[in-house]
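Worksheet: one structure, shown below.
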Amino acid sequence: MNPEGLIIELRQMMQEYPINSFRDEAESIKKEFEKQDQAQEKADKVAFDKANPPSDDLLAPEFQYDDKLRKEFNDLHRLYRKQKGEYQREKRKQEEKNLEVKREVIEKMKALIDEEENIGTTFKKFHELQDIWKATGNIPHDAYNITWEDYRLAVQNFYDYIDLSKELRDKDFERNLEFKKKIIARAVELNDEENIHKALRELQELHRMWKEDAGPVARELRDPIWDEFSAATKAIHDRRQAYYEEREKEAEKNQTIKENIVAEIKKITAAGANSHKEWQERLEEINVLKELFQKTGRAPKAVNNEIWEGYRNATRDFNRAKNNFYKEIKKEQQKNLEAKMKLVEIAEEHQDSENFAEGLEIMKRIQAEWKTIGHVPRKDSDKIWKRFKKACNAFFDKKSAQRNKDSKEETANYEAKLKIYDKLKTLIPDGDQDAMKESIENVMEEWNKVGRVPYSKRQIQDKFEKLVKAKFKAAGLSEEDAEMMKYQNKLNRLEDGSERDFKNERFYLKKRREEIKNEMIQLENNLQFINAKDDKNPFLVQQRKNIANLEKELSVIKEKQKQINILERQVNKEDEVSETKESTES
């Protein structure tokens with residue numbers, strides 16, 4: 001029981017049972033309460049010392065253990081001792097009164113021997129004194145033996161020394177003999193009583209009746225009748241001895257079972273668990289063992305308390321290990337909560353972003369990161385998930401709405417670019433190359449002013465750039481110059497694009513440059529296996545032509561890298577000037 005339960009148990013005993021009937025139980029309750037109370041005081045002291053390190057400050061708080069349950073229990077136990085003391089005093093007072101009555105009975109029996117009255121009257125007084133003796137309650141324990149011996153001698157003397165008529169004496173002896181035979185008969189019946197404890201209690205009462213209620217019998221029958229009663233008594237005591245021997249064997253079996261249970265609990269605790277599910281499984285195993293332990297009977301008295309203490313320590317160690325696991329889980333969940341709260345803040349910060357490309361990248365990243373973070377405290381789980389989901393949905397809803405809006409504009413842009421494409425197709429060289437180049441550049445400028453087209457129609461851009469290159473070549477430009485004029489169109493788009501567009505283009509140019517170099521190395525290695533003097537060898541001619549084409553493309557790639565670097569520096573410079581201006585104005 002916990003401290004509250006112990007208080008309730010003691011109070012109920014005091015209300016429902018005689019104050020003298022539960023002394024052992026009250027003492028056990030007191031010991032258990034004091035043990036738990038001292039453990040709680042120690043735990044509170046440790047917590048206080050942890051929260052209040054040693055200090056030289058005279059006003060620093062001092063530890064005080066003022067537990068309400070301790071005061072309540074002490075008051076209740078004090079009342080119990082008071083009531084028990086009053087009962088003991090009243091009991092002692094009554095026993096002393098009973099002692100006076102019985103001593104008076106003994107003295108009066110002694111006096112009967114010297115009275116010179118009619119024998120019938122004397123015998124009647126003797127029986128009246130016996131009735132008074134039987135009706136008088138217990139006397140003090142320390143006076144019992146000597147008082148009983150005095151009474152026995154007084155009765156014996158009355159029968160042995162008084163000058164009685166043989167007829168009356170024999171009649172009284174017969175009555176006493178009949179009563180003692182009834183006692184013996186009941187003692188014999190008790191040997192068949194299944195409950196040995198009940199049989200022993202009643203046998204004890206029969207012995208009291210034999211000593212106090214039954215008078216003497218004829219001298220020649222005293223030993224035989226006592227031997228008969230002793231034999232019946234011995235049979236019950238033999239049964240008791242056999243019962244305790246059997247119970248001891250059972251207790252030894254219980255000891256083995258309980259020791260194995262304690263060992264199994266320790267084994268489960270040592271193995272531990274790594275998840276909530278595993279700990280719940282271990283807990284079910286422990287509960288089954290605890291139930292078996294409690295159903296198993298007592299172990300031998302010499303080791304029972306030791307086994308019980310071992311069981312309590314083993315279950316306490318398991319609970320401590322389980323609690324430590326959940327404390328660590330709680331710490332981990334708190335860290336997870338903090339990590340997810342940061343993602344919630346990022347999502348809420350970008351839910352209204354107009355930069356959908358950047359916002360989409362951020363949202364995808366934090367959603368992926370959210371999945372990698374473990375559980376959070378259950379009380380916070382739904383709340384932060386709803387916040388995170390709401391912020392993400394707000395962004396994607398806004399992006400979706402913008403996409404629907406853009407789709408109409410993109411379709412219109414596609415129609416406009418088709419017209420520009422058709423317009424470029426109609427340009428025909430007329431001998432004036434400069435005019436032709438200017439017309440092409442004007443079409444390119446017109447093209448770049450039109451916005452994005454639907455994703456499914458993006459191939460129109462490649463077709464336009466190829467046509468641009470063909471028209472520049474038709475205007476008299478070389479392959480390389482035409483490619484660079486065409487590339488100018490992409491640079492114009494990059495100027496209005498994002499930093500990511502710059503990175504992608506840089507990556508492509510660098511990758512293509514490395515590919516060209518690797519291809520040239522491979523082709524040059526191939527030439528080593530061919531007779532270089534045979535200039536008419538078709539394979540040799542083609543290989544050299546391929547190398548020349550790759551060199552031209554490499555030159556164009558280098559020029560493109562140069563142009564994109566110039567453009568990026570220009571854009572960064574314009575951004576710096578703009579930021580400086582805004583800072584000055586603010």
(message) If you apply the rule salt bridge (Lys or Arg N to Asp or Glu O under 4.0 Å), what do you find for K335 with E332, and how did you get there?
(response) CA-CA 5 Å; K335 290 181 181 178; E332 183 179 344; over 6 Å; no
(message) Applying salt bridge (Lys or Arg N to Asp or Glu O under 4.0 Å) to K340 and E345, what does each step give before you reach the verdict?
(response) CA-CA 9 Å; K340 286 193 172 182; E345 292 170 1; over 6 Å; no
Whether [Y] and [X] form a salt bridge (side-chain N of Lys/Arg under 4.0 Å from carboxylate O of Asp/Glu) is what I want to check.
| X | Y | answer |
| --- | --- | --- |
| E514 | K511 | no |
| K71 | D75 | yes |
| R92 | D142 | yes |
| D49 | K45 | yes |
| E202 | K198 | no |
| K249 | E245 | no |
| E27 | R23 | no |

Within 6.0 Å of [atom1] in [X], more than 12 heavy atoms from elsewhere:
| X | atom1 | answer |
| --- | --- | --- |
| R312 | CZ | yes |
| Q12 | CD | yes |
| R298 | CZ | no |
| F48 | CZ | yes |
| E285 | CD | yes |
| H375 | NE2 | no |

Show the nearest heavy-atom pair for residues [X] and [Y], with the distance to one decimal.
| X | Y | value |
| --- | --- | --- |
| A314 | V262 | CB-CG1, 4.1 Å |
| L550 | I516 | O-CG2, 3.5 Å |
| M363 | A391 | CE-O, 4.2 Å |
| P18 | S21 | O-OG, 2.7 Å |
| I384 | V344 | O-CG2, 3.8 Å |
| S353 | F395 | O-CE1, 4.3 Å |

Could you tell me the separation between the [atom1] atom of [X] and the [atom2] atom of [Y], rounded to the nearest 0.5 Å?
| X | Y | atom1 | atom2 | value |
| --- | --- | --- | --- | --- |
| W370 | W385 | CH2 | CH2 | 6.5 Å |
| Q351 | D397 | CD | CG | 10.5 Å |
| E348 | C392 | CD | SG | 9.5 Å |
| Q88 | I19 | CD | CD1 | 10.0 Å |
| M520 | N518 | CE | CG | 11.0 Å |
| I261 | T315 | CD1 | OG1 | 12.0 Å |

(message) Please tell me whether F73 and Y80 form a close aromatic pair, meaning their ring centres lie under 6.0 Å apart.
(response)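 Judged by ring-centre distance (under 6.0 Å), F73 and Y80 do not meet the cut-off.
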(request) Evaluate salt bridge (Lys or Arg N to Asp or Glu O under 4.0 Å) for R11 paired with E72, printing each intermediate quantity in order. (result) CA-CA 11 Å; R11 183 177 288 113; E72 182 179 357; 3.3 Å; yes
With a 4.5 Å cut-off on side-chain heavy atoms, are [Y] and [X] touching?
| X | Y | result |
| --- | --- | --- |
| Q280 | L283 | yes |
| Y243 | H197 | yes |
| P377 | K330 | no |
| N74 | H77 | no |
| I346 | F388 | no |
| L76 | M14 | yes |
| K322 | T269 | no |
| Q294 | Y311 | yes |

(message) Using the rule given for side chain to side chain donor-acceptor pair (under 3.5 Å), can you reason through E259 versus Q255, listing the C-alpha separation, both sets of side-chain angles and the distance that settles it, and then say yes or no?
(response) CA-CA 6 Å; E259 287 175 345; Q255 176 183 353; 3.1 Å; yes
(message) Between N313 and R316, is there a side-chain donor-acceptor contact under 3.5 Å, judged purely by atom types and distance?
(response)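 Their side chains do contain a donor-acceptor pair, which is all the 3.5 Å distance test asks for.
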(request) Establish, from distance only, whether the side-chain atoms of N413 and E409 form a donor-acceptor pair under 3.5 Å. (result) no
Report yes or no: does [X] contribute a side-chain atom to a donor-acceptor pair with the main-chain N or O of [Y] at less than 3.5 Å?
| X | Y | answer |
| --- | --- | --- |
| R239 | N191 | yes |
| N304 | A299 | yes |
| S28 | D24 | yes |
| E278 | N274 | yes |
| N336 | V376 | no |
| N324 | R320 | yes |

(message) Could you walk me through whether N323 and F318 satisfy the side-chain contact (heavy atoms from CB on, under 4.5 Å) test, starting with their C-alpha distance in whole Å, then the side-chain angles of each, then the deciding distance to 0.1 Å, before giving a yes or no?
(response) CA-CA 9 Å; N323 293 340; F318 172 82; over 6 Å; no
(message) Between E41 and R70, is the side-chain contact (heavy atoms from CB on, under 4.5 Å) condition met? List the steps.
(response) CA-CA 10 Å; E41 181 178 7; R70 174 188 280 186; 2.8 Å; yes
(request) Apply the test side-chain contact (heavy atoms from CB on, under 4.5 Å) to residues E252 and T256: give CA-CA distance (whole Å), side-chain angles for both, the deciding distance (0.1 Å), then the verdict. (result) CA-CA 6 Å; E252 290 174 357; T256 302; 5.9 Å; no
(message) Evaluate H276 against Y326 for ring pair (Phe, Tyr, Trp, His ring centres under 6.0 Å), listing each step before the verdict.
(response) CA-CA 8 Å; H276 168 71; Y326 282 105; 5.8 Å; yes
(request) Run the numbers on F464 and K417 for side-chain contact (heavy atoms from CB on, under 4.5 Å), then give the verdict. (result) CA-CA 9 Å; F464 178 76; K417 286 193 173 185; over 6 Å; no
(request) Run the numbers on D462 and K466 for salt bridge (Lys or Arg N to Asp or Glu O under 4.0 Å), then give the verdict. (result) CA-CA 6 Å; D462 293 334; K466 288 179 181 179; over 6 Å; no
(message) For Q461 and W447: C-alpha separation, side-chain torsions, deciding distance, then whether side chain to side chain donor-acceptor pair (under 3.5 Å) applies.
(response) CA-CA 10 Å; Q461 183 69 34; W447 177 277; 3.1 Å; yes
